[in-house]
Amino acid sequence: MDIIALVGAIAALFIIIGLSEPLAERLRLPFTVMLAIMGAVIGGLAVYMLSSDLAGTMNPTYLRLLELPIRSNIFLYVLLPTLLFQVALMVNARRMLDDWMPILVMAVGAVVASTVIIGYALTPFTTLPLTACLLIGAIVSTTDPSAVVSIFRNIAAPQRLTRIVEGESLLNDAAAIALFGFFMTFVMLGVPDPSLNDALVIFPWLVIGGVMLGLVFARLAIALMSLMPGFERAQISVSLALPYLTYIVAEQLLQTSGVIAVVVSGLALNLMGPGRIAPASWAYLREVWDVLAYWAGALIFILAALLIPRLMGDLRLSDLYLLLVMIAAAFGARALLLWGMLPALSFLHLSPQVEPAYRAAILWGGLRGAVTLALALAVTESALVPPDIKREVGILATGFTLFTLLVQGTSLRWMIARLGLNRLPRLDQALSHQVIAVALQNVREEIAETARDYQLPQDVIRSEAKRFAERLDEAVELAEAAEEIPDRDRITLGLVALAGRERDLIIENFRQQLFSARLVDRMLSDVDRLMEQTRGGGRNEYRAAARRSLGYGGWYRLAVWLHNRLRWSLPLEQMTADRFEILMNQRLILGELHGYIDSKIRRIHGRRVADLLHELLRRREEETDAALQGLRLQYPGYAEEMERRFIRRTSLRLEEREYEQLHDDGLISRELHATLLGRISTRRTRIEARPHLDFALQKDAFLRTFPLFQDMSDIQRRQLARALRTQHVEPGTILLRKGDVPHCVYFIASGAVEMERKGQKLRLGSGEFFGHIGMLTREPRRAMISAISHCTLLSLDETRFKRLLARNRTLYEAVLHSAELRGITFEKSEIPAAPVQWHKRRVQGNDRPG
């Protein structure tokens with residue numbers, strides 16, 4: 001096929017794609033189903049014209065258009081990487097990682113179950129070997145991600161359920177292609193059959209190799225893109241090469257899963273890209289990939305549909321019976337997943353509870369598409385596969401795909417309506433009447449001002465005002481007649497709205513470049529989790545999710561272990577710096593939400609609900625302030641640098657806004673405006689880099705604020721900072737047990753600990769210290785000390801502490817005072833500067849906890 005005919009064919013396909021979308025909307029069909037119908041019709045006409053007498057009279061160029069060469073490699077190497085990469089780039093990767101277990105179980109389990117059930121169901125009704133039947137099962141076991149995701153977005157399914165199904169649809173391609181490659185070797189002539197040992201080696205390598213390759217290539221691409229800031233098209237070019245190079249290297253060089261490698265590279269870019277690429281460039285990159293994926297997905301479906309007449313050309317009556325058996329087996333396998341595996345995951349708290357209506361929607365929405373046809377085409381193209389197997393694979397895979405598209409796809413909207421998934425929930429329906437009434441009242445006030453400003457005729461104003469008043473009265477009557485919403489539900493709805501406003505403010509501050517790009521995704525994920533849990537559990541879950549967002553996250557324990565045991569502080573330093581910045585941003589956002597409650601929520605839900613929301617919000621502010629203050633006390637030098645950085649970023653944004661206003665008013669030229677913005681961009685680049693949090697440097701800054709060490713010289717403070725060891729502990733950690741003899745002293749940099757003895761409790765907080773009495777008396781402790789919050793402790797061994805005690809008069813007096821509070825006195829030497837000899841003498845009749 002020459003280049004002219006190829007370009008003409010591609011242009012014709014794009015015209016068909018452009019016409020199919022509005023036509024599908026008019027006919028109320030899924031876009032992919034419309035593409036499949038158009039492609040099948042065109043393919044059928046092409047086959048008819050090529051086999052008729054018209055072929056000899058047609059222009060050679062038209063004949064070449066009808067003989068468009070479509071091979072399986074076009075789908076697998078040209079179009080599939082683009083589609084998979086874009087989906088991985090657009091999903092909420094952080095939230096999907098939270099549910100990686102159910103996603104992985106469903107993706108692998110669904111494909112394996114479907115392959116086995118379909119394979120064994122076909123075996124009694126055909127002369128094909130079992131391996132060929134299992135090959136067919138692997139080919140048809142993968143669902144189309146775009147079809148499944150669009151279903152759940154149309155029916156407004158719960159976010160976590162949508163995320164799990166989306167992840168499962170994204171990853172089951174990899175499992176299906178891996179099984180396809182495994183069973184393909186059994187049906188190919190002249191190729192040794194793999195053994196069980198081979199399978200045990202191949203499958204782990206397919207997964208592990210794909211994950212490692214995707215991560216490496218993504219990091220290389222991000223490093224290269226970060227070297228070209230300001231060149232958006234150059235960065236997009238690098239991102240465009242990433243999925244194709246990843247797929248080719250994985251499949252051709254490393255013999256691992258190209259699908260897994262592409263998906264992992266897209267997820268890695270999704271997670272790490274915002275922190276290394278400018279916000280405007282990142283938004284532009286996502287927009288370009290959205291268009292590329294639209295074209296790739298449309299081309300996949302229409303090209304695959306063109307193959308349908310060719311693959312179904314030798315259809316027989318017996319094939320229809322096999323097709324019915326396969327359809328029944330596929331539905332049975334899918335039902336086993338939905339009514340067997342999903343409830344088991346829910347019981348183990350690995351997956352949300354899935355209502356029966358949603359399961360039915362997933363069952364009927366399991367459409368097959370281009371990947372199934374591409375794998376079937378790969379079998380029919382192979383010269384090593386026997387003709388009878390090629391024929392059955394082509395017919396059954398194509399027939400099953402047609403059934404899912406033409407029967408399930410066309411009836412999908414009807415099925416969703418029958419299940420009642422297109423209706424608003426009861427609370428939302430009742431709330432909608434009140435929202436409409438409040439909105440129309442606001443509109444009436446604003447439209448009256450607009451009419452006066454434009455000096456419209458009075459008769460027109462009166463006529464329209466009367467008409468609008470009738471509509472407003474009708475809305476008020478519906479609101480008054482609607483079902484009364486309990487305050488508990490109103491509080492839940494108000495908190496969800498409040499979390500939604502919080503999300504909008506995060507995005508708004510990010511666009512104004514007040515918030516760092518590296519942490520916006522994490523903040524948005526926390527807010528999404530807040531909304532999701534609030535919908536299910538009300539105010540209690542709102543408070544629990546809010547407290548959880550103040551914590552360090554799941555990797556904190558590993559980072560603490562690396563710091564405490566291996567003395568590797570970099571991960572913990574990075575996590576602590578991230579938490580400090582997030583807390584600062586969150587405190588700013590929470591302060592702006594009170595106005596939203598008064599201006600919006602109060603008018604819909606009433607004063608009582610609004611006051612309660614104010615109280616819940618104030619508690620969040622107090623908890624955030626406490627966590628932020630703890631970090632300020634712990635790292636005063638770093639806190640000061642971060643606050644200075646925030647003020648500078650804010651001032652640059654305000655300066656930029658002033659220049660934009662002057663330019664819009666025509667007071668400065670376009671050239672001057674561009675020059676001024678360039679200078680701001682240069683300054684912003686200099687302050688964008690976050691200061692490095694070095695625990696060693698921060699210890700010195702902390703010691704300057706610690707009351708016991710304020711009288712020390714700079715040299716003595718630096719020496720002490722080098723001697724102190726930093727330890728991070730979680731709530732509930734036992735620091736000193738009863739019967740232990742302490743060998744070091746602990747200074748509390750942040751957090752609080754609790755001392756318990758004989759049922760009495762004493763709490764120590766930031767700036768205090770413990771462990772010194774037991775160490776000096778050399779007697780076993782009679783009290784237990786444990787952490788009651790996240791704590792950062794600075795420990796000093798016995799030798800250095802006694803040396804410090806002999807030199808530091810303030811510490812010397814503090815030790816005596818703390819001992820007296822616990823009912824213990826010490827006899828000391830006459831000379832304070834000399835080493836102190838300690839002898840314990842218990843005070844008679846004063847046995848306090850110690």
Side-chain angles (χ1 to χ4, degrees), residues 222 225-236 272-287 501-524 527 577-596 599 621 624-625 628 631-632 635-693:
I222 292 171
M225 294 165 70
S226 63
L227 295 177
M228 47 184 77
F231 297 92
E232 297 177 346
R233 288 180 289 272
Q235 292 175 333
I236 292 173
M272 295 183 287
R276 304 289 295 275
I277 302 173
S281 301
W282 181 249
Y284 183 46
L285 183 145
R286 288 167 64 96
E287 291 175 3
R501 178 56 180 167
E502 185 175 345
R503 194 181 198 281
D504 294 339
L505 288 174
I506 292 172
I507 295 175
E508 181 180 337
N509 282 278
F510 167 66
R511 288 174 177 169
Q512 294 181 3
Q513 301 188 47
L514 297 179
F515 288 178
S516 172
R518 69 170 64 88
L519 297 177
V520 166
D521 281 347
R522 178 175 166 185
M523 295 181 67
L524 291 176
V527 173
D578 289 347
R579 183 169 184 258
F580 191 95
E581 189 170 354
I582 287 176
L583 289 175
M584 287 183 60
N585 296 342
Q586 186 171 323
R587 185 62 185 85
L588 177 67
I589 292 293
L590 294 178
E592 298 184 32
L593 293 178
H594 288 285
Y596 179 74
S599 63
E621 290 179 302
T624 304
D625 285 337
L628 193 57
L631 288 176
R632 285 196 180 103
Y635 310 112
Y638 183 79
E640 182 179 341
E641 287 297 321
M642 288 295 296
E643 288 158 353
R644 290 179 184 276
R645 176 173 172 264
F646 181 80
I647 293 174
R648 291 167 185 168
R649 293 178 68 171
T650 304
S651 65
L652 285 179
R653 176 54 191 158
L654 295 175
E655 184 181 354
E656 184 179 42
R657 188 183 301 171
E658 288 294 325
Y659 295 151
E660 290 172 353
Q661 185 63 45
L662 291 173
H663 177 261
D664 294 340
D665 294 340
L667 298 177
I668 60 175
S669 64
R670 182 172 59 86
E671 293 78 7
L672 178 57
H673 178 251
T675 302
L676 294 174
L677 292 187
R679 293 174 182 174
I680 289 180
S681 178
T682 302
R683 296 192 190 100
R684 182 175 283 134
T685 302
R686 285 200 299 265
I687 66 172
E688 182 64 28
R690 188 172 63 187
H692 176 60
L693 175 58

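Side chains are part of it too, since the values below use all heavy atoms of this structure and drop only hydrogens, waters and symmetry mates. Numbering starts at 1 and runs along the sequence shown.
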Requested in this report: Would you sort out whether Asn509 and Asn585 count as a side chain to side chain contact (heavy atoms under 4.5 Å, CB included), showing the intermediate values?
Outcome: CA-CA 9 Å; Asn509 282 278; Asn585 296 342; over 6 Å; no
Report task. Quick one: pull up CG in Leu583 and CG in Asp578 and give me the separation to the nearest 0.5 Å. Result -> 11.0 Å
Query raised in the report: Do Ser681 side-chain atoms and Leu677 backbone N/O form a donor-acceptor pair below 3.5 Å?
Result: no
Report summary line: Tightest non-hydrogen contact, residues Leu593 and Glu502, listed as CD2-N, 4.0 Å
Query raised in the report: What are the two closest heavy atoms between Gln235 and Met228, and how far apart are they?
Result: NE2-O, 3.3 Å
Requested in this report: Work out which heavy atom in Phe580 is nearest to a heavy atom in Leu628; give both atom names and the distance.
Outcome: O-CD1, 4.1 Å
Query raised in the report: Are Arg645 and Glu581 close enough, and set up right, to give a side chain to side chain contact (heavy atoms under 4.5 Å, CB included), and what steps lead you there?
Result: CA-CA 11 Å; Arg645 176 173 172 264; Glu581 189 170 354; 3.6 Å; yes
Query - Basic-acidic side-chain contact under 4.0 Å: Arg653, Glu656 - result: yes
**Report entry** Tyr596 OH to Leu505 CG distance, which is reported to the nearest 0.5 Å
**Finding:** 9.5 Å
**Report entry** Positive for side chain to side chain contact (heavy atoms under 4.5 Å, CB included) with Asp665, one of Leu667, Leu662, Ile668
**Finding:** Leu667
**Report entry** 4.5 Å side-chain heavy-atom contact, Glu508 and Glu592
**Finding:** no
Requested in this report: Can you see which heavy atom on Glu232 is nearest to which on Ser281, and at what distance?
Outcome: CG-OG, 3.2 Å
Query raised in the report: From Thr624 OG1 over to Met584 CE, what is the distance, rounded to the nearest 0.5 angstrom?
Result: 13.0 Å
Report summary line: Closest heavy-atom pair, His663 versus Ser669, reported as atoms and distance to 0.1 Å, is CD2-O, 3.9 Å
Query - Distance, nearest 0.5 Å, that separates CE of Met225 from CG of Leu285 - result: 5.0 Å
**Report entry** Steps toward side chain to side chain contact (heavy atoms under 4.5 Å, CB included) verdict (Phe510, Leu524)
**Finding:** CA-CA 11 Å; Phe510 167 66; Leu524 291 176; over 6 Å; no
Query raised in the report: What's the spacing between Leu652 CG and Arg683 CZ if we round to 0.5 Å?
Result: 7.0 Å
Query raised in the report: Measuring from Glu643:CD to Glu640:CD, what's the distance to the nearest 0.5 Å?
Result: 8.0 Å
Report summary line: When every non-hydrogen atom of Ile589 is compared with those of Ile506, the smallest separation belongs to CD1-N, 3.9 Å
Query raised in the report: Can you find a heavy atom in the side chain of Arg503 that is under 4.5 Å from one in the side chain of Met523?
Result: no
